[in-house]
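A short worksheet on the structure shown next.
Every chain is numbered from 1 and lettered A, B, ... according to where its sequence line falls, protein lines coming before strand lines.
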There are 2 protein chains.
Amino acid sequence: MYSIGEFSKITGLSVKTLRFYHEQGVLKPTCVDDQTGYRYYDDTKIETARVIRALRDLEVPLDDVAEILRSHEDEGDVLEFLERHRQAMEAKLRQLTMIRASLDRIILQQREARRAMQNATFEVQEKVVDSLLIAGVRMQGRYSECGKGFSQIGRRMGRYISGKPLLLIYDAEYKEDDADFEACMPVSKETTTEGISVRPLAGGRCVSLVHLGPYEELGRSYAKILDYVKRKGYKLRSPCREVYLKGPGMIFKGNPKKYLTEIQMLIEE
Amino acid sequence: MYSIGEFSKITGLSVKTLRFYHEQGVLKPTCVDDQTGYRYYDDTKIETARVIRALRDLEVPLDDVAEILRSHEDEGDVLEFLERHRQAMEAKLRQLTMIRASLDRIILQQREARRAMQNATFEVQEKVVDSLLIAGVRMQGRYSECGKGFSQIGRRMGRYISGKPLLLIYDAEYKEDDADFEACMPVSKETTTEGISVRPLAGGRCVSLVHLGPYEELGRSYAKILDYVKRKGYKLRSPCREVYLKGPGMIFKGNPKKYLTEIQMLIEE
DNA sequence: ATAGGGCCTCCCGCAAGGGGAGAGTCAACG
DNA sequence: CGTTGACTCTCCCCTTGCGGGAGGCCCTAT
């Protein structure tokens with residue numbers, strides 16, 4: 001017979017834990033001294049303790065452990081128990097996997113936003129953009145409505161999004177209330193989804209300007225880039241693009257004064 | 001201004017949760033009526049509530065949420081916070097993955113044991129065993145020591161184990177104290193590991209007998225199978241094999257009277 | 001006799017709320 | 001103006017699986 005301290009050293013379960021297991025009826029001492037209340041364990045309890053440890057290491061709830069130990073005679077019950085527990089673990093695992101994926105997306109997004117902030121010159125530049133596969137939702141109305149389109153794409157294509165959201169603007173002139181535009185996300189996989197157009201978007205030479213500040217002040221940057229285009233005598237190819245390098249994130253709305261938006265206007269060569 | 005019930009419907013956070021968040025200082029009402037203690041929230045709190053929801057959905061601890069909201073000005077801090085949180089989630093995920101793998105192994109083992117119990121005839125049979133890839137630890141001493149070898153293989157090769165443990169017995173005659181044997185596990189991948197020999201084990205025609213009962217009684221079945229071999233005039237090929245169809249499991253020691261052990265003796269053709 | 005360690009019970013704490021009791025408040029309806 | 005039903009308040013206990021500590025009893029050795 002072992003005292004609780006000795007038994008604790010043998011099994012690796014803390015004294016507190018052993019008392020708790022006694023209270024819960026999971027692992028009862030072989031005998032308890034009436035006078036002193038001292039708990040004593042014998043050798044057969046070592047095996048029981050090992051079983052409990054094994055099950056707890058598998059994160060089986062203590063109540064279930066107790067039940068397993070009670071109906072231990074029939075090994076078939078245990079199998080079904082374990083299968084149910086596996087289901088539970090699997091569910092947790094799926095949830096954690098999704099959380100990790102979300103975190104990865106958010107972190108990547110933040111990192112890119114930070115890099116974009118460092119690289120931005122806030123001057124008109126000429127560059128070549130690659131063609132890329134996009135998923136888009138064409139909309140009419142106010143630009144402020146475009147969030148709906150982005151979230152629709154996010155819900156349907158979440159796993160395949162591979163870049164910054166962008167807006168294609170089909171109007172030749174600025175319209176406030178009845179604009180014609182398309183909310184787009186670069187995607188890595190060509191899937192067919194109702195209401196969402198997945199297709200390649202052609203690249204080419206373009207003039208580009210990164211705008212720092214809230215969307216209401218985009219007009220200032222448009223003026224700057226259009227002035228540049230006019231001086232150079234370039235001919236524009238519709239639609240014009242806005243790439244949201246840094247905007248309201250998935251968690252924080254952020255500070256609009258720090259939003260970064262790249263205006264891209266493709267030109268004919 | 002919204003009452004707590006209205007705000008609850010707007011944000012999807014329960015009234016209880018809102019009161020709790022107030023108590024924890026995570027989301028304070030815009031004002032509280034001195035007389036009645038009623039909490040009132042304004043529109044700006046909706047955004048805060050959304051942020052909290054987003055972070056809680058990512059299982060960020062409430063204390064961290066509070067800290068994030070306090071130091072919300074600097075978005076860089078948030079990024080590091082999220083990276084740390086990702087680490088934590090990753091650790092949990094790894095643990096869960098290991099638990100799931102263990103559960104899978106145990107469940108599969110139990111299922112196979114059950115099937116083996118149903119299929120066993122307890123008569124000597126002749127059959128052909130396939131060759132299979134094994135990981136083995138050669139040992140000298142008592143058979144009861146073989147558990148060490150199996151657990152060593154389990155620790156090193158856990159992921160690749162693809163079948164029942166088996167023992168190769170190199171002695172020509174029965175030895176008690178100084179037996180020469182090898183604890184083996186079928187594995188799916190040929191890896192090199194110190195102290196463990198991974199190699200293919202040749203198959204072939206063999207006589208086989210499934211033994212039901214504790215290992216101490218194996219002698220009875222050995223007598224039976226050797227008698228059969230002698231009557232048939234077969235010539236045996238060393239080593240002899242014991243396959244542990246059902247023995248002490250990873251959780252339960254089980255009932256030795258229900259242990260199933262298959263004795264396989266390969267014969268020359 | 002006393003000192004030191006071991007053991008006992010009882011209570012509080014953790015994370016993130018849920019459930020409910022008992023009492024006070026608000027808004028609408030007759 | 002009174003009442004009623006819905007709403008809200010605080011306070012307390014519950015969850016899981018223990019850990020920490022207080023205050024007190026027990027055992028053995030010197």
Side-chain angles (χ1 to χ4, degrees), chain A residues 1-41 45 49 51-69 85 88-89 91-92 95-96 99, chain B residues 1-41 45 49 51-69 85 88-89 91-92 95-96 99:
Chain A
M1 300 280 267
Y2 309 105
S3 72
I4 198 170
E6 294 164 347
F7 194 67
S8 163
K9 274 169 197 147
I10 293 169
T11 59
L13 297 167
S14 76
V15 172
K16 280 284 187 188
T17 301
L18 287 171
R19 284 203 269 256
F20 181 66
Y21 286 175
H22 180 193
E23 187 191 328
Q24 298 293 311
V26 180
L27 178 57
K28 292 173 193 153
T30 310
C31 70
V32 178
D33 189 318
D34 295 4
Q35 305 304 312
T36 69
Y38 275 35
R39 296 170 176 84
Y40 295 99
Y41 298 82
K45 297 296 179 183
V51 172
I52 295 173
R53 274 201 71 115
L55 290 169
R56 289 293 305 138
D57 285 348
L58 295 171
E59 295 192 6
V60 176
L62 208 51
D63 287 358
D64 292 357
V65 172
E67 193 169 331
I68 288 176
L69 289 177
H85 183 58
M89 292 292 104
K92 269 195 188 175
Q95 197 190 342
L96 268 185
I99 287 174
Chain B
M1 300 280 267
Y2 308 104
S3 73
I4 197 169
E6 293 164 347
F7 194 68
S8 163
K9 274 169 198 149
I10 293 170
T11 59
L13 299 166
S14 77
V15 172
K16 279 282 186 188
T17 302
L18 288 171
R19 285 201 268 255
F20 180 67
Y21 286 175
H22 180 193
E23 188 190 327
Q24 298 294 311
V26 180
L27 177 58
K28 292 175 193 152
T30 310
C31 70
V32 178
D33 189 317
D34 295 3
Q35 306 303 313
T36 68
Y38 275 35
R39 296 169 176 84
Y40 294 99
Y41 299 83
K45 298 295 180 181
V51 172
I52 295 173
R53 272 201 70 115
L55 290 169
R56 289 293 304 138
D57 285 348
L58 295 171
E59 294 191 6
V60 176
L62 207 51
D63 287 357
D64 292 357
V65 173
E67 192 168 331
I68 287 176
L69 289 177
H85 183 58
M89 292 291 104
K92 269 195 188 176
Q95 199 189 342
L96 269 185
I99 286 174

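Atom CG in Asp64(A) sits roughly 12 Å away from atom C1' in dT16(D) (whole-Å rounding). One can place CD of Glu6(A) at 14 Å from P of dC27(D), the figure rounded to the nearest angstrom. As rounded to whole Å, 19 Å separates atom P of dC25(D) from atom CD1 of Ile4(A). In this structure, Arg56(A) atom CZ and dC18(D) atom C1' are separated by 9 Å, rounded to whole Å. Counting to the nearest Å, the P atom of dG5(C) and the NZ atom of Lys9(A) are 12 Å from each other. As a whole-Å value, the separation of Leu13(B) CG from dG18(C) P is 10 Å. Rounded to whole angstrom, the span from the CG atom of Leu58(B) across to the C1' atom of dA15(C) amounts to 17 Å. The separation between Ile52(B) atom CD1 and dG17(C) atom P is 10 Å, rounded to whole Å.
Residue Tyr38(B) has its side chain nearest to dG24(C) when only dG17(D), dA15(C), dG24(C) are considered. Checking dT8(D), dT25(C), dG17(D) against the side-chain heavy atoms of Thr36(B) singles out dT25(C) as nearest.
Along DNA chain D, the nucleotide nearest to Pro61(A) and the one nearest to Ser3(B) differ in position, and the one closer to the 5' end is contacted by Ser3(B). Comparing Val60(B) and Gln35(B) by the nucleotide of DNA chain C that holds the closest heavy atom to each, the one mapping nearer the 5' end is Val60(B).
Side-chain contact between Leu27(A) and Phe7(A) is present, with at least one heavy-atom pair separated by less than 4.5 Å.
For the OP1/OP2 pair of dC9(D) and a distance below 4.0 Å, the side-chain nitrogens and oxygens of Arg39(B) include at least one atom meeting the criterion. Look at Ser14(A) and you won't find any side-chain N or O under 4.0 angstrom from OP1 or OP2 of dC18(D).
In terms of heavy-atom proximity, Ala66(A) sits nearest to Val26(A) at CB-CG2, 4.0 Å. Residue Lys45(A) comes nearest to Pro29(A) through the heavy atom pair CE-C, 4.4 Å, listed as atom of the first residue, atom of the second, then distance. Pairing each heavy atom of Leu13(B) with each of Ala49(B), the nearest pair is CD1-CB, 4.0 Å. Between Gly37(B) and Val32(B), the closest heavy-atom pair is O-CG1, 3.7 Å.
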If you look only at distance, which donor and acceptor atoms sit under 3.5 Å apart when one is on a side chain in residues 53-62 of chain A and the other is two or more places apart or in another chain?
residue	atom	partner	partner atom	Å
Arg53(A)	NH1	Gly12(A)	O	3.2
Arg56(A)	NH1	Val60(A)	O	2.6
Glu59(A)	OE2	Gln95(B)	NE2	3.2

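Taking a 4.0 Å limit (strictly below) on heavy-atom distances, residues 15-31 of chain B reaches DNA chain D at Lys16(B), Arg19(B).
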Using the side-chain contact (heavy atoms from CB on, under 4.5 Å) rule, take Tyr41(B) and Thr11(B) through it: C-alpha gap first, then chi angles, then the decisive distance, then the call. CA-CA 11 Å; Tyr41(B) 299 83; Thr11(B) 59; over 6 Å; no
